[in-house]
Amino acid sequence: MALEDAAKVIDEGITRQGYKGHGFEATYAGVTSFLRRTYSKDLTGVDLAVTGIPFDCAVTNRPGTRLGPRAIREASTLQSPDAPYGWDVDPLVEFNVADYGDVAFDHAKTWEFPKALQAHIAGILATDTACLSLGGDHYVTYPILKAHVEKHGPVSLLQFDAHSDTWVDDDPERIDHGTMFYKAVKEGLVIPERSVQVGIRTTNEDTLGVNIIDAPEVHRIGPEATVARIKEVLGDHKTYVTFDIDALDPAFAPGTGTPVWGGLSSAQAAAILRGLAGINVIGMDVVEVSPQYDVSGATAIAGAHVAVELMCLWAHRRKFGA
């Protein structure tokens, strides 16, 4: 679709023919799929599926991340309909990207959610389609990781966050947004010595061997040195990337369940993500956008931009390799 078609073409999320190409719909109109991608449950020929996880259970103080996927999709329509700025790959032109919609589960049977999500993601991966997930509170990464490890084996974890989420929790039945990476390490899903947490700024005495680049250190050494340290730890190992929006300072993303001051700026995050081009990304998510706590919409906008950067990270590796 070209710019001159915008006056007569609308709702590309359902009317687009195929999975490639930019869209030029009015930002305030049309079906709000992620980046105007085609909605489809048929992943035949699709390279990357975007899926939403409208779930929250026990986010500290401020629930509402179930509204994150919808807000991120809406905010994504505000982005330029041109190639992603600063990248040498254009995922929307070079790869088939579809919006797979959301995971279905019974909100009144919370205990059934983990298996429902794991099966949802496993179904995507079974078609050899990569997955970009829009959360949802940070617990959702745990069932997603299980599905990825079933396909790829134990992975490196690259986590952008204010919190390590490795607090002790040996109860397998608990659904907790602050202990799931403790379980992921203990269960062998994540290789701690090959994993990095960036932006941490809350106390946790036991990091389980995961490498930490806390927020003060990022501020001190800058994005370029941060990227170098991350790449040194990850090497070429298969890596799952999760970005909790509270990795950003509340000045840039106030609409999250657990805001902590002193975090990354959006400029720092963008520079780090773009600098990581070449890492071996096999899956990714952005989580904990709670739009109702941010009347400006800045948090959802940040979440949409992070999602695009993650998509570009995946596409760069897919196109150029190591």
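Here, residue 1 is the first one in the sequence, and each next residue gets the next number.
- When the shell of 6.0 Å around NZ of Lys319 is examined, it contains more than 12 heavy atoms from other residues, nucleotides or ligands.
- Side-chain atoms of Lys146 and Pro143, non-hydrogen and from C-beta on, never get closer than 4.5 Å to each other.
- Contact annotation: the side chain of Asn96 never approaches that of Leu48 to less than 4.5 Å [non-hydrogen atoms, C-beta and beyond].
- Crowding of Glu224 atom CD: a count of heavy atoms from other residues, nucleotides or ligands under 6.0 Å not exceeding 12.
- The aromatic rings of His163 and Trp167 are tilted relative to each other, their planes meeting at an angle between 30° and 60°.
- Using a 4.5 Å cut-off on side-chain heavy atoms (C-beta onward), Ile282 and Asn280 make contact.
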Go through it in stages, so that I can follow the logic: the residues are Asp99 and Ser33, the test is side chain to side chain donor-acceptor pair (under 3.5 Å), and I'd like the CA-CA distance, side-chain angles, deciding distance and then a yes or no. CA-CA 6 Å; Asp99 193 322; Ser33 62; 4.8 Å; no
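- Between Ile200 and Ser164, the shortest heavy-atom contact is CD1-N, 3.7 Å.
- Cation-pi geometry between Arg73 and Phe34 is not met: the NZ or CZ atom fails to fall both under 6.0 Å from the ring centre and inside 45° of the normal.
- The side-chain heavy atoms of Val50 and Leu134, taken from C-beta on, include a pair separated by under 4.5 Å.
- A donor-acceptor contact closer than 3.5 angstrom is absent between the side chains of Thr258 and Asn61.
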Working for side chain to side chain contact (heavy atoms under 4.5 Å, CB included), residues Phe105 and Ile53: CA-CA 10 Å; Phe105 61 95; Ile53 309 169; 5.6 Å; no
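- Going from atom CG of Asp206 over to atom CG of Leu208 covers 4.5 Å, rounded to the nearest 0.5 Å.
- Proximity of a side-chain donor or acceptor of Lys183 to a complementary backbone N or O of Asp171 within less than 3.5 Å is detected.
- With hydrogens and angles ignored, the 3.5 Å screen pairs a side-chain donor or acceptor of Asp11 with a backbone N or O of Val31.
- Without hydrogens or angle criteria, Thr226 side chain to Ile272 main chain gives no donor-acceptor distance under 3.5 Å.
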Could you walk me through whether Ile175 and Phe55 satisfy the side chain to side chain contact (heavy atoms under 4.5 Å, CB included) test, starting with their C-alpha distance in whole Å, then the side-chain angles of each, then the deciding distance to 0.1 Å, before giving a yes or no? CA-CA 11 Å; Ile175 298 175; Phe55 175 83; 4.0 Å; yes
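- For CZ of Phe320, the number of neighbouring non-hydrogen atoms (other residues, nucleotides, ligands) closer than 6.0 Å is greater than 12.
- Heavy-atom minimum distance, Thr65 versus Ser290: CG2-OG, 3.0 Å.
- In this structure, His219 places its NE2 atom where more than 12 heavy-atom neighbours from other residues, nucleotides or ligands lie under 6.0 Å away.
- Once rounded to the nearest 0.5 Å, the distance linking CD1 of Ile230 with OG1 of Thr239 reads 10.5 Å.
- Ser296 places a side-chain N or O within donor-acceptor distance of the main-chain N or O of Ala298, the cut-off being under 3.5 Å.
- Arg220 has a carboxylate O that lies under 4.0 Å from a charged side-chain N of Glu217, or vice versa, which qualifies the two as a salt bridge.
- No side-chain donor-acceptor contact under 3.5 Å links Asp244 to the backbone of Phe160.
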Would Leu92 and Arg37 count as a side chain to side chain contact (heavy atoms under 4.5 Å, CB included) here? Give the steps. CA-CA 9 Å; Leu92 302 187; Arg37 297 303 89 198; 3.8 Å; yes
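- The two atoms that bring Gly64 and Gln292 nearest to each other are CA-NE2, 2.9 Å, heavy atoms only.
- Electrostatic pairing of Lys231 and Asp236 does not count as a salt bridge here, judged by no charged N lying under 4.0 Å from a carboxylate O.
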Output, in order, the C-alpha distance, side-chain angles, deciding distance and verdict of side chain to side chain donor-acceptor pair (under 3.5 Å) for Tyr19 and Asp47. CA-CA 9 Å; Tyr19 297 107; Asp47 300 305; over 6 Å; no
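- By the 4.5 Å heavy-atom criterion applied to side chains, Thr110 and Cys57 are counted as neighbours.
- Separating the OG1 atom in Thr51 from the NE2 atom in His120 is a distance of 3.0 Å, to the nearest 0.5 Å.
- Atom CD of residue Gln197 and atom CG of residue Asp214 lie 11.0 Å apart, to the nearest 0.5 angstrom.
- The nearest pair of heavy atoms linking Gly275 to Val227 is O-CG1, 3.3 Å.
- Annotation for Leu132 and Ala307: closest pair CD2-O, 3.6 Å, computed over non-hydrogen atoms.
- Under a cut-off of 6.0 angstrom, the local environment of CD in Glu74 is sparse, with at most 12 non-hydrogen atoms contributed by other residues, nucleotides or ligands.
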Hey, mind stepping through Thr166 and Asn204 against side chain to side chain donor-acceptor pair (under 3.5 Å) and telling me if it holds? CA-CA 8 Å; Thr166 54; Asn204 186 350; 2.9 Å; yes
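- To the nearest 0.5 Å, atom CG of residue Asp285 and atom SG of residue Cys131 are 9.0 Å apart.
- Taking every heavy atom of both residues into account, Lys20 and Val93 meet most closely at CD-O, 3.2 Å.
- Geometrically, Lys41 engages Tyr100 in a cation-pi contact, judged by NZ or CZ lying under 6.0 Å from the ring centre and within 45° of the ring axis.
- Val198 and Ile212 fall into different hydrophobic clusters, defined by Ile, Leu, Val, Met, Phe, Trp and Tyr side-chain heavy atoms under 4.5 Å apart, directly or through other members.
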Would Asp42 and Ser40 count as a side chain to side chain donor-acceptor pair (under 3.5 Å) if you check the C-alpha gap in whole Å, the side-chain angles of each, and the deciding distance to 0.1 Å? CA-CA 5 Å; Asp42 180 2; Ser40 180; 5.5 Å; no
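- In this structure, Gln159 and Asp165 have side chains that are in contact, with non-hydrogen atoms separated by less than 4.5 Å.
- Using cut-offs of 30° and 60° on the angle between ring planes, the pair Phe113 and Tyr139 is tilted.
- No hydrogens or angles considered: nothing links the side chains of Thr299 and Tyr293 as a donor-acceptor pair under 3.5 Å.
- Within the 4.5 Å cutoff, the side chain of Asp169 has no heavy atoms near those of the Met180 side chain.
- Linking Ile, Leu, Val, Met, Phe, Trp and Tyr whenever their side-chain heavy atoms come within less than 4.5 Å leaves Val218 and Val260 in two separate clusters.
- Panel note: side chain Glu288, backbone His138; a donor-acceptor pair is recorded below 3.5 Å.
- Distance alone, capped at 3.5 Å, places no donor-acceptor pair between the Arg194 side chain and the Val155 backbone.
- Of the inter-residue distances, the one linking His177 atom NE2 with Asp56 atom CG reads 10.5 Å to the nearest 0.5 angstrom.
- When hydrophobic clusters are built by joining Ile, Leu, Val, Met, Phe, Trp and Tyr residues whose side-chain heavy atoms come closer than 4.5 Å, directly or via intermediates, Ile245 is grouped together with Leu158.
- No side-chain donor-acceptor contact under 3.5 Å links Thr32 to the backbone of Arg70.
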Assess whether side chain to side chain contact (heavy atoms under 4.5 Å, CB included) is satisfied between Phe243 and Leu248, documenting all intermediate values. CA-CA 10 Å; Phe243 197 110; Leu248 301 181; 4.1 Å; yes
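- Proximity of a side-chain donor or acceptor of Gln79 to a complementary backbone N or O of Ala304 within less than 3.5 Å is detected.
- Two rings, from His152 and Tyr240, have their centers 6.0 Å or more apart.
- Between the side chain of Asp249 and the backbone N or O of Leu264 there is no donor-acceptor pair closer than 3.5 Å.
- Counting heavy atoms from C-beta on, the side chains of Arg318 and Phe95 come closer than 4.5 Å.
- When hydrophobic clusters are built by joining Ile, Leu, Val, Met, Phe, Trp and Tyr residues whose side-chain heavy atoms come closer than 4.5 Å, directly or via intermediates, Ile121 is grouped together with Phe181.
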